[in-house]
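Chain identifiers are assigned alphabetically (A, B, ...) following the order of the sequence lines, protein sequences preceding nucleic acid strands; residue numbering begins at 1 within each chain. Values reported hereafter were calculated over all heavy atoms of this structure, with side chains retained and with hydrogens, waters and symmetry mates removed. In this text the structure is predicted, and so the values were computed from the model without any measurement.
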There are 2 protein chains.
Amino acid sequence: MEHAERVLVAAGELFYRRGVRAVGMDDVRAASGVSLKRLYQCFPSKEALVVAYLERRDERWMSSLISSVEERPVKVAAVFEWLERWFGEDDFRGCGFVNAYGELGSTSEAVQEVVRRHKQRLRDYLRGLAAEAGAADPDLLAEQLLVLVDGATVTAMVNPLGAATAARAAGRAAAAAVTAACRE
Amino acid sequence: MEHAERVLVAAGELFYRRGVRAVGMDDVRAASGVSLKRLYQCFPSKEALVVAYLERRDERWMSSLISSVEERPVKVAAVFEWLERWFGEDDFRGCGFVNAYGELGSTSEAVQEVVRRHKQRLRDYLRGLAAEAGAADPDLLAEQLLVLVDGATVTAMVNPLGAATAARAAGRAAAAAVTAACRE
DNA sequence: TAGCCTAGAGAACGCTCGTTCTCTCGGGCA
DNA sequence: TGCCCGAGAGAACGAGCGTTCTCTAGGCTA
C-alpha cells in the first residue's frame, strides 16, 4: 500500500473517532507507521491531510449509500434504512463533515469548501431519487430529503440511544414528503 | 451588571461567532472587561464557562422561539418561519450546540450532557405542538419536527446562500408530516 | 572497500493557550 | 495617618502540538 494511502486509512479512523483537533500528527504517524518526514512529504500540512481525509470519506460514504440504495426497489425508503444501519454501527459518531465543520470551519476555508461540496453531491444524488420517484418539484423534495438525512444524523449523534427512532421518524417524514411532492 | 453576567454576554458572542476553541480566556477577559482573576472566580475553568454559555444560550434560544411561535395561529408553520428569520441574521453560524458538540463532545462529558438536555427540551416543546396539532402519535411527529429543525440548521450553516430555501423546504416537509400524522 | 545518498527516529523549536502567581496600587478602617 | 485587604494587570509557567532539523544507519555504486 502506498504511504499516502496508509496515512489516509489511519487518519480516517482517528479523525472520525476522536475528532480532528484531538488527533496530533504524531498520532497519525504512530497509527500509520509512516515517519513524520514522509508524512509531510505526502501532505504538506495537517490542513491538507484533513482535506484529503474528508475527500476520501466523501467518496466512500457516498459509494456505500449508493450501492446499498440502488439494489432496492423503493429507493427513498432505502436511504433511511441505510441510515439506521449506519447509526447502529459501533463507531458511529455523527456526520464527519458536520463535525469537521464545527471544529475547523471557522479557521479553514478549505474545510468549509470540501464540506459544502460533499453536501452538494448528496443533494444531487437525492435529486435523482426525487425525480425518479415522480416529484413535481425534484429540487424541493431533494432539499427536504437532505434536511431529513442531516437532521437524523445530528439527532442520532447527540442521542445515540434514540438513533434508530430518529432514522425511522425521518424515513416516515420522507415518505410523507414524497407523497406530497407527487400529489402536486 | 454582575461580573458573571458580563462574562457570559461577552463569551456568548465570541463562542458562537468564532467557535469555542478559537476563543481564549484572554479574549473573554478583553471583551468583558473582567479581570482574569475574577473570571476564574466566577467560572473555575473554561469548561465551566462553556457549559454556562450553553445553558444561557439554551434559555434564550428557546425563549425566542417560543415567544415568537406562541403568538401565531399555525404554530408548526411558525417554527419554520422563525427559523428562516434566524438563518437570515448576520451573525448566524449554525446551531451553537451542534458546533460545540463537534468541537468538544469528544473531550467533555459535561458539554455532551448540556447539548443533549437542550435537544430534549426542544423535543419536549415540539411534542406539545404536535399534540396540539392533533397528531395521532405526538412523539413521532415531535421527533420528525426535531429532525427537520436540526437538519435545516445544519444545511443553512454549510450553505448560507441556500438558508432560506432550506427553511422553507423543511417547513413544507413539516406540513406534510403533520398531515400524515393527523390522518392515521 | 569507500563514499554518498536516502530515510527514519526522535529531538528541538516556536507558538498558542489554560491556569496560576506576583507585584503594585488604592481604598477603607482604627 | 498608617496599616491591611482586595482587586487588577499582566508576567510566568507548563502542556500540547504543528512543523522542522539533526543525527545515525544502511544500502547502493564505483
query: Rounding to a whole Å, what distance do you find between A/Leu49:CG and D/dG18:P?
result: 10 Å
Nearest-angstrom distance from the residue atom CZ of B/Phe15 to P of C/dC17: 12 Å
query: Should A/Gln120 and A/Asp124 be marked as a side-chain hydrogen bond (donor to acceptor under 3.5 Å, both in side chains) after you check the CA-CA gap, both sets of side-chain angles, and the distance that decides it?
result: CA-CA 6 Å; A/Gln120 186 57 45; A/Asp124 290 344; 3.0 Å; yes
query: Is it true that atom CD of B/Glu70 has more than 12 heavy atoms of other residues, nucleotides or ligands lying nearer than 6.0 Å?
result: yes
message: Any base atoms under 4.0 Å from B/Lys37, or only sugar-phosphate, or nothing? Heavy atoms, all strands.
response: base
- prompt: Between B/Arg29 (CZ) and D/dG10 (C1'), how many Å, whole number?
  reply: 8 Å
Distance in angstrom units between A/Glu103 CD and D/dC17 P, rounded: 12 Å
Side chains of A/Arg117 and A/Glu55 in contact at under 4.5 Å (non-hydrogen atoms): yes
field: Under-4.0 Å salt bridge between B/Glu143 and B/Arg127
entry: no
- prompt: Which residue, A/Gly24 or B/Gln41, contacts DNA chain D at a nucleotide closer to its 5' end, judged by nearest heavy atom?
  reply: B/Gln41
message: Please check this pair: side chain of A/Gln144 against backbone of B/Ala170, looking for a donor-acceptor N/O pair closer than 3.5 Å.
response: no
- prompt: Between B/Asp26 (CG) and D/dG8 (P), how many Å, whole number?
  reply: 15 Å
query: Starting at CZ of B/Arg38 and ending at P of C/dT19, how long is that distance when rounded to a whole Å?
result: 19 Å
- prompt: A/Val23 near the nucleic acid: base, sugar-phosphate alone, or nothing, with a heavy-atom cut-off under 4.0 Å?
  reply: sugar-phosphate
task: Go through D/dG18, D/dA7, C/dG8 for me and flag the one nearest to the A/Ser35 side chain.
output: C/dG8
Value in whole Å for how far the C1' atom of D/dT22 lies from CG of A/Leu36: 14 Å
field: Upstream residue (5' side of DNA chain D) when B/Val34 and A/Ala22 are each assigned their closest nucleotide
entry: B/Val34
- request: Select one nucleotide: of D/dG8, C/dT19, C/dG8, the one nearest the side-chain heavy atoms of B/Tyr40.
  value: C/dT19
- prompt: For the pair made of CE in A/Met25 and P in D/dG16, what is the distance, rounded to whole Å?
  reply: 19 Å
